[in-house]
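Scroll down for the structure; my scribbles are underneath it.
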Amino acid sequence: MKRGEVLFFQISAGTVHTNGRKKRIVSWFEVKLLEDLYLTRKTRTGAGTVADCKCVVRRELGQRLTFFEPVYAYSLNDAYSKTYVLYFNIFGKGTTNVYTHFYLGSQEAGPSEELLEKLRKFKKQEAARADSA
């Protein structure tokens, strides 16, 4: 992915009580890449891994938080962890798998239903085709 493109992730932490029912708090965040994001692999047919990429969590989409400030990070995992610690620290430890928690999308349209995992699988299939050629 190119510098300037965006990814999205959600954090589900804590509950709010409304009308006598507990409802999970879910917040969506937009991450802007400050560098190109590369998938690397150790073998020609292995699944790719995401390389570190400077980025910024620049907005919360649902405006569920009472305040927001940008979170600068050196990788997608770091962006998720720092955001979790900043806004949801009282609910536990924020760790994640970037392939199953970061969504593709665009700044205009917001998050799509496609996970970052899609790019990883595409690269794996592409490598298999190259090996058979």
Side-chain angles (χ1 to χ4, degrees):
M1 295 184 70
K2 299 290 183 197
R3 175 183 178 193
E5 291 188 74
V6 294
L7 291 167
F8 302 87
F9 67 89
Q10 67 176 349
I11 293 178
S12 178
T15 57
V16 64
H17 297 275
T18 55
N19 298 330
R21 299 177 65 194
K22 287 184 179 181
K23 186 176 179 183
R24 197 92 170 129
I25 299 169
V26 178
S27 297
W28 280 90
F29 297 89
E30 179 184 278
V31 179
K32 182 178 180 181
L33 302 178
L34 301 177
E35 300 176 329
D36 289 347
L37 177 66
Y38 295 98
L39 267 77
T40 60
R41 60 178 181 254
K42 293 181 181 178
T43 63
R44 290 180 62 73
T45 57
T49 57
V50 175
D52 287 350
C53 171
K54 291 179 184 170
C55 56
V56 59
V57 180
R58 63 183 198 169
R59 67 184 178 123
E60 190 257 331
L61 301 180
Q63 297 179 341
R64 295 177 183 264
L65 302 175
T66 55
F67 77 97
F68 180 81
E69 61 183 63
V71 176
Y72 289 85
Y74 66 87
S75 70
L76 295 176
N77 272 324
D78 189 43
Y80 184 94
S81 296
K82 285 180 176 178
T83 303
Y84 196 99
V85 167
L86 182 61
Y87 297 110
F88 304 99
N89 196 30
I90 64 170
F91 298 113
K93 195 170 193 174
T95 58
T96 192
N97 178 327
V98 296
Y99 306 110
T100 59
H101 282 80
F102 278 77
Y103 293 80
L104 304 174
S106 68
Q107 186 175 347
E108 298 80 25
S112 71
E113 293 181 14
E114 297 178 320
L115 291 166
L116 186 59
E117 178 74 16
K118 177 184 176 186
L119 296 181
R120 184 180 191 203
K121 288 180 180 178
F122 175 76
K123 296 294 182 188
K124 188 175 181 179
Q125 293 168 352
E126 187 178 273
R129 282 194 301 268
D131 285 342
S132 65

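Everything numeric in this text was worked out from a predicted model, so none of it was measured. Atom set for the values below is all heavy atoms of this structure, side chains included, hydrogens, waters and symmetry mates excluded.
Clustering ILVMFWY residues whenever any of their side-chain heavy atoms sit less than 4.5 angstrom apart, transitively, puts F68 in the very cluster that holds Y80. Hydrophobic clustering (side-chain heavy atoms under 4.5 Å, transitive across Ile, Leu, Val, Met, Phe, Trp, Tyr) keeps L34 apart from L7.
Here OH of Y103 is found 12.0 Å from CZ of F9. Values are rounded to the nearest 0.5 Å. The structure places NZ of K82 at 7.5 Å from OH of Y74, a figure rounded to the nearest 0.5 Å.
For the residue pair S27 and F88, the shortest heavy atom distance occurs at OG-CZ, 3.8 Å. Closest of all the heavy-atom pairs between F29 and E60 is CE2-CG, 3.5 Å. Annotation for L37 and A51: closest pair CD1-O, 3.7 Å, computed over non-hydrogen atoms.
Taking 4.0 Å as the cut-off between side-chain N and carboxylate O, R3 and E35 do not count as a salt-bridged pair.
The shortest distance between side-chain heavy atoms of L86 and V71 falls below 4.5 Å. In this structure the side chain of P70 never reaches within 4.5 angstrom of the side chain of V57, judged on heavy atoms. In this structure, L33 and M1 have side chains that are in contact, with non-hydrogen atoms separated by less than 4.5 Å. A 4.5 Å side-chain heavy-atom check between F8 and L104 finds every atom pair outside the cut-off.
Within a 6.0 Å radius of NZ in K54, no more than 12 heavy atoms belonging to other residues, nucleotides or ligands are found.
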Apply side chain to side chain contact (heavy atoms under 4.5 Å, CB included) to residues L76 and C55 and explain how you reach the verdict. CA-CA 7 Å; L76 295 176; C55 56; 4.2 Å; yes
Kindly indicate, with the supporting measurements, whether the criterion side chain to side chain contact (heavy atoms under 4.5 Å, CB included) is fulfilled by V6 and V31. CA-CA 5 Å; V6 294; V31 179; over 6 Å; no
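With ring centers used as reference points, F67 lies under 6.0 Å from Y87.
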